[in-house]
Amino acid sequence: MTSPTHLMLLALLLAVLTLFCTLVGAAAGLLTRIDGATYAAALLRGAVAFAGSATLSLALLTLATAGRI
């Protein structure tokens, strides 16, 4: 059985990762837009960056917590 402390830490870590991935996506979209791309292309590039960073972050989180929860 998992302790409430571990579950709270996991929830906090997921919230921080979500914020981080959102910032990565926004930065990628902004940099693409500044480079002269259309709004649609910038939005797509930001979405791809968000998805990539979310996938990598969740994979690392799974690796780090495997066997501990």
Practice prompt. Say whether, by atom type as modelled, one donor and one acceptor occur between the side chain of Arg45 and the main chain of Ala49 under 3.5 angstrom.
Written response: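 Checked: no pair found.
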
Worksheet item: Could you give the distance from CG (Leu60) to OG1 (Thr65), rounded to the nearest 0.5 Å?
Response: 10.5 Å

Worksheet item: Taking all atoms of both residues into account, what is the closest heavy-atom pair of Cys21 and Phe50, and its distance?
Response: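 Smallest heavy-atom distance, with atoms named: O-CD1, 3.2 Å.
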
Practice prompt. Going by the side chain to side chain contact (heavy atoms under 4.5 Å, CB included) test, name the single residue among Leu12, Leu61, Leu56 that passes it with Leu17.
Written response: Leu61

Worksheet item: Taking side chain as C-beta onward, heavy atoms only, is Leu58 less than 4.5 Å from Leu14?
Response: yes

